[in-house]
Structure formats: C-alpha cells, structure tokens
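Before any comments, here is the structure.
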Amino acid sequence: MSLTAFVSGASGFVGSHLARELHIQGWNVHVLLRPGSSLDDTAGLPLTVHQGDLTDHNSIVAALPRNPDAVFHVAASTNFWSRKNAEQNRVNIEGTCAMLEAAAAAGAGRFIHTSSFATWGFQDREINENSPRTAATDWINYVRSKHAAEKAVLAATADGRVDSVILNPANILGPGDHHNWSRMIRMIQLGKLFAAPPGAGNFSDVREVARAHIRGFHAGRSGEKYLLGGEYAAFADVVKLTGEVLGRSVPRRAAPAWVMKCWAYANAATATFTGREPDITPEGAAMVSYHVACDSDKARSELDYRFTAIRTLIEDTVEWMKKKGMLS
C-alpha cells in the first residue's frame, strides 16, 4: 500500500526534487501550489495538485488530505531585503504555524520541516546539533524567521500536536537551481562576476537533501534536528572550479568583507529611491561573508546522508542549465 505525502514548496528547488524522489519511491504525492506558481520542474509526475497559500490558513486546511503519512513542509521565503521582512515573517513563521495546525487537524503521521543551518547563527567554529546558538545575526530576518519557525515546530512536538523531524541543509547545489548559486554561474558565464564572495561553507547535493527528507520520515528521531552539510570550501574556490567547468576566466581573489558591505549598503541606499530590490543587500552580503562549517555525522549515521564532491555538483548544475538554455 502506497504512503501518502503532502508537500509544500514543490515548485521550488528542494521541493521539486523531493516530489520526484517521493514518486520514485512509490508514494502518493499531494502538493500545495500557490496560484500562479509553476510545476515545470516536476512535469510528467502524477501529482495531486491543491491550490493554496501559506498565508491563507483556510486554504491549507482545505488542501490537506485526511491522515497523510507525512507532511513535508519545504516552502519558505529566502528573501534578504529588509523591505520584505513582514511578508517573509508571514510565510516563514505564520505559514509554518498554519501548516502545523492543519497537519495536526488532518491526523498527519509525521511532520518533516525544512529549515537551515543558518538557524544556529553564523559563528567561526564548526557547529553540530548540540552547538549553542548565537543571536548575533538575527538582524538578518531570514535567520531570525527560520529560527522562529523551528521553535514553533518543536513546541508543537513537545505538546503532542505533531511528531516532527527538522532538517537543516547548508548551501545547496545541483540541477534545478533557478535562483541561488545558479546566479553566480550565469555571471561567470557572462563575464560579469568581478569579485568572489569572501565567505566559506559546506555544500550539499539537492538530490541527497531530498532523499534525507524521506529518510527523516522513516528513521529520524522525533523532535530531532539534522544538519545536512557536505564538502567544505571557500566561496572563492567554488568560483574557481566553476570557471574551470565553464572554461571562463574568474576573479583570482575574494573581495574583502568590508568591500561587500559597502557595496551592499550603497545598493540599499539607491533602492530607497528606486523601489527596486538591490542585486545585493546588507543581509545578502553578510550571508556570503561568513565562514561557517557544519558537522553532518548525525545525519550520515541515522539518515544514511551522503556527500557529493563540489566539482561534480557544479558540473551537474552547469549541464542542467545548458539544457534549459540558461547559459546561452
């Protein structure tokens, strides 16, 4: 008998891979699709589509099937512009609370929540699931809102409303990336990347992140968090590898963090007059300036989580982007 999954964010990077992997593993897959969103990346899959929005609690209640085996809450706002903080809070915090309430009311077997390694705050030492959290970077609303969403999930687990597992991916690479590291790849292809970001971090394979979600349902411990990292590299080295794969010249050095900061604040100041979202914001500059490493031993041991070499991830992403005409 097939298991039934309900997935939010199936039109996104991680969510589309999760929906595909669930289908491959024989699940009956229901997805929550916001009006106007596209399921191009899951075209051909026999998904049951429900119209709804995380900011509309009633639409979630109406969309959720009765007694699903798992609710995979992947959808989130990854905004880094302060002008959109209120909307981001509605999606990341209020939307998660609405999903939790709807999942509990529908009798969901397990609630799998997609969070981020950023919820620990950015710090200069390797983090694991037991590391203390720092609030120093809560001025970045993405960090603060994702942490608040986690607290809501853990509270609902503690009082018995849901049985949950939380997954915390690091920097995610792989095919299907329309808006994240693929932007950097396009800039390198076009010769428009004039400096590499100064930070560093772990890189996870989106396909392995999707599989870890399903393993989280089967084998994750209730109320536990699992860091999903990967090979660690300076972002400047990722830029260098991308240049080699594309056959393009790239900046030899990373821009100093203070240069990124000044550039970002200048962009933000300009945006106050134009109303257009800056290419890089102070929050975005900070995100790519920290050196953050995470330990994935817990996920590797309990969820059979696996790493993929960064060069392979770049090659696979570039090949997918070429097929999609994104590097013309």
Side-chain angles (χ1 to χ4, degrees), residues 6-16 18 31-37 52-61 63-64 71-104 108 111-122 133-158 161-162 164-172 177-180 204 206 209-210 213 216 223 225-228 277 281-284 286-288 290 292:
F6 184 79
V7 183
S8 72
S11 62
F13 186 25
V14 174
S16 61
L18 174 58
V31 300
L32 181 70
L33 186 68
R34 186 174 56 186
S37 295
D53 193 298
L54 288 179
T55 62
D56 180 358
H57 175 262
N58 290 334
S59 72
I60 300 173
V61 172
L64 251 168
V71 170
F72 294 92
H73 180 38
V74 185
S77 165
T78 56
N79 160 69
F80 294 115
W81 191 23
S82 58
R83 285 196 181 185
K84 294 184 177 180
N85 284 356
E87 177 187 355
Q88 185 171 58
N89 288 340
R90 285 195 296 272
V91 172
N92 290 356
I93 303 173
E94 296 174 26
T96 298
C97 290
M99 284 288 291
L100 287 165
E101 292 175 14
F111 190 93
I112 312 298
H113 179 64
T114 312
S115 188
S116 169
F117 77 123
T119 59
W120 274 266
F122 295 115
R133 182 179 184 274
T134 173
T137 42
D138 277 2
W139 66 274
I140 302 173
N141 197 64
Y142 174 72
V143 176
R144 191 194 68 80
S145 65
K146 290 298 285 182
H147 172 59
E150 275 191 6
K151 288 176 66 177
V153 174
L154 293 173
T157 306
R161 282 180 288 155
V162 298
S164 74
V165 172
I166 298 175
L167 301 176
N168 300 84
N171 301 286
I172 306 176
D177 180 1
H178 290 273
H179 306 293
N180 301 313
S204 55
V206 66
V209 170
H213 278 67
K225 299 168 64 172
Y226 293 88
L227 279 160
L228 306 179
E277 184 171 353
T281 64
E283 294 87 346
M287 290 287 290
V288 296
Y290 288 102
V292 184

Any side-chain heavy-atom pair of His179 and Thr78 under 4.5 Å: no
Pair Asn89-Asn141, side-chain donor/acceptor within less than 3.5 Å: yes
Separation of Thr157 OG1 from Ile166 CD1 (nearest 0.5 Å): 6.5 Å
Note, Val153 side chain near Thr96 side chain (heavy atom, < 4.5 Å): yes
Val292 side chain reached by Trp120 side chain, heavy atoms, under 4.5 Å: no
Minimal non-hydrogen separation, Phe13 against Asp177, with atom names: CE1-N, 3.4 Å
Flag side-chain contact, heavy atom, 4.5 Å: Leu54 against His73: yes
Ala286 versus Trp139, closest heavy-atom pair with distance: CB-CZ2, 3.7 Å
4.5 Å side-chain heavy-atom contact, Ser115 and Lys225: no
From Met99 atom CE to Phe6 atom CZ, the distance as rounded to the nearest 0.5 Å: 5.5 Å
Where Ser16 and Gly12 come nearest, the two heavy atoms and their spacing: OG-O, 2.8 Å
Atom pair OG (Ser116) and CG (Asn171), whose distance is rounded to the nearest 0.5 Å: 8.5 Å
Check: Glu283 and Tyr142 side chains under 4.5 Å, non-hydrogen atoms: no
Ser164 side chain to Ile112 backbone, donor-acceptor under 3.5 Å: no
Given His113, Glu150, Lys146, the one that forms side-chain hydrogen bond (donor to acceptor under 3.5 Å, both in side chains) with Asn168: Glu150
side-chain contact (heavy atoms from CB on, under 4.5 Å) evaluation trace for Ile172 with Asn180: CA-CA 8 Å; Ile172 306 176; Asn180 301 313; over 6 Å; no
Smallest separation among heavy atoms of Ser204 and Val209, with atom names: OG-CG2, 3.7 Å
Heavy-atom check, side chain of Glu277 versus side chain of Asn79, under 4.5 Å: yes
From CA spacing to verdict: side-chain contact (heavy atoms from CB on, under 4.5 Å), Ser11, Leu33: CA-CA 7 Å; Ser11 62; Leu33 186 68; 4.1 Å; yes
Residue pair Leu32 / Gly52: nearest heavy atoms and the distance that separates them: CD1-CA, 3.6 Å
Value rounded to 0.5 Å, distance of CG in Leu154 from CG in Leu100: 10.0 Å
Lys/Arg-Asp/Glu bridge criterion (N-O < 4.0 Å) met for Asp53, Arg90: no
Approximate separation, where rounding is to 0.5 Å, of Leu64 CG and Ser59 OG: 10.0 Å
Given Arg144, His147, Arg133, the one that forms side-chain hydrogen bond (donor to acceptor under 3.5 Å, both in side chains) with Asp138: Arg133
Any donor-acceptor pair under 3.5 Å from Asn92 side chain to Ala76 backbone: no
Minimum heavy-atom distance between Gly121 and Thr137, given as atom pair plus value: CA-OG1, 3.4 Å
Heavy-atom check, side chain of Phe117 versus side chain of Phe122, under 4.5 Å: yes
